[in-house]
Amino acid sequence: RLAQHQEQEKQQPPPPPPPERPAVEPRRWHAEDSGLVALGGAAMLVGAGLLFYSHRLGDDHGGTLADYDERVRQSRTTMWTGAGVATAGALVIGVTVLRWRW
C-alpha cells in the first residue's frame with residue numbers, strides 16, 4: 001500500500017506557484033514635504049512665542065488700571081492667536097506625515 005501511495009503522489013502534478021504580487025513603489029519623501037514640515041514647525045514656534053508673550057503681558061501690573069485692562073485684553077487675544085497658530089502648525093505637520101504614510 002505504501003508503494004502505491006508513493007506512486008500516486010509522484011504522478012500528481014506539483015501545486016501551482018502562488019500568484020505574483022505587483023511591485024509596490026516605495027514611499028518617497030519629497031522636498032515639498034520637508035518644506036511643509038519646516039513651515040509647520042516654524043508656526044508652532046511662533047505660536048509658542050505668542051503664548052509666552054501673552055503670559056508676560058498678563059503678569060505686568062504696572063501703570064493705570066486702564067493700561068492694565070488693555071494689556072489683559074491684548075493678552076487674551078495674543079493667547080488665542082498663539083494657540084491657533086501652533087495648532088495650525090501641528091496640523092500641517094500631521095497632514096504631511098499622514099499623506100506620506102498613505
Side-chain angles (χ1 to χ4, degrees):
R1 287 187 158 180
L2 182 60
Q4 282 180 337
H5 181 68
Q6 288 175 347
E7 186 69 29
Q8 286 177 352
E9 284 183 354
K10 288 180 183 177
Q11 292 176 358
Q12 293 179 351
E20 290 188 28
R21 291 183 172 179
V24 177
E25 185 176 325
R27 295 182 191 108
R28 293 187 181 168
W29 187 263
H30 299 286
E32 68 184 22
D33 297 328
S34 297
L36 286 171
V37 169
L39 179 67
M44 289 180 70
L45 287 174
V46 168
L50 287 172
L51 287 170
F52 179 75
Y53 178 65
S54 74
H55 180 71
R56 300 257 332 207
L57 276 175
D59 283 346
D60 184 4
H61 297 288
T64 66
L65 182 59
D67 292 339
Y68 176 72
D69 288 342
E70 178 62 25
R71 279 193 306 274
V72 168
R73 186 193 64 73
Q74 185 181 3
S75 172
R76 285 189 193 124
T77 302
T78 305
M79 177 187 66
W80 285 109
T81 302
V85 170
T87 302
L91 283 173
V92 167
I93 291 172
V95 167
T96 302
V97 170
L98 282 176
R99 185 175 66 113
W100 170 69
R101 289 294 294 166
W102 288 332

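The hydrophobic clustering, which links ILVMFWY residues whose side-chain heavy atoms are closer than 4.5 Å, places F52 and V46 apart. Both V37 and W100 belong to a common hydrophobic cluster when Ile, Leu, Val, Met, Phe, Trp and Tyr are linked at side-chain heavy-atom distances under 4.5 angstrom.
R27 and R101 get closest at one heavy-atom pair: NE-O, 2.7 Å. For the residue pair I93 and G40, the shortest heavy atom distance occurs at CD1-C, 3.7 Å. Closest non-hydrogen pair, S75 versus L57, comes out as CB-CB, 3.9 Å. Shown here for A43 and G89, the closest heavy-atom pair between the two residues is CB-CA, 3.7 Å.
Distance check: E32 CD to T96 OG1 gives 9.0 Å after rounding to the nearest 0.5 Å. Note that CG of L91 is 10.0 Å distant from CE of M44, once rounded to the nearest 0.5 Å.
Inter-residue side-chain proximity for L51 and M79 is flagged as met; some heavy-atom pair is nearer than 4.5 Å.
Other residues, nucleotides and ligands contribute over 12 non-hydrogen atoms within 6.0 Å of the CH2 atom of W29.
Judged by distance alone, the side chain of D59 and the main-chain N or O of R56 form no donor-acceptor pair under 3.5 Å.
Here salt bridge (charged side-chain N to carboxylate O under 4.0 Å, His left out) pairs that include residues 71-98, with residues two or more places apart or in two chains, are D60-R71, E70-R73.
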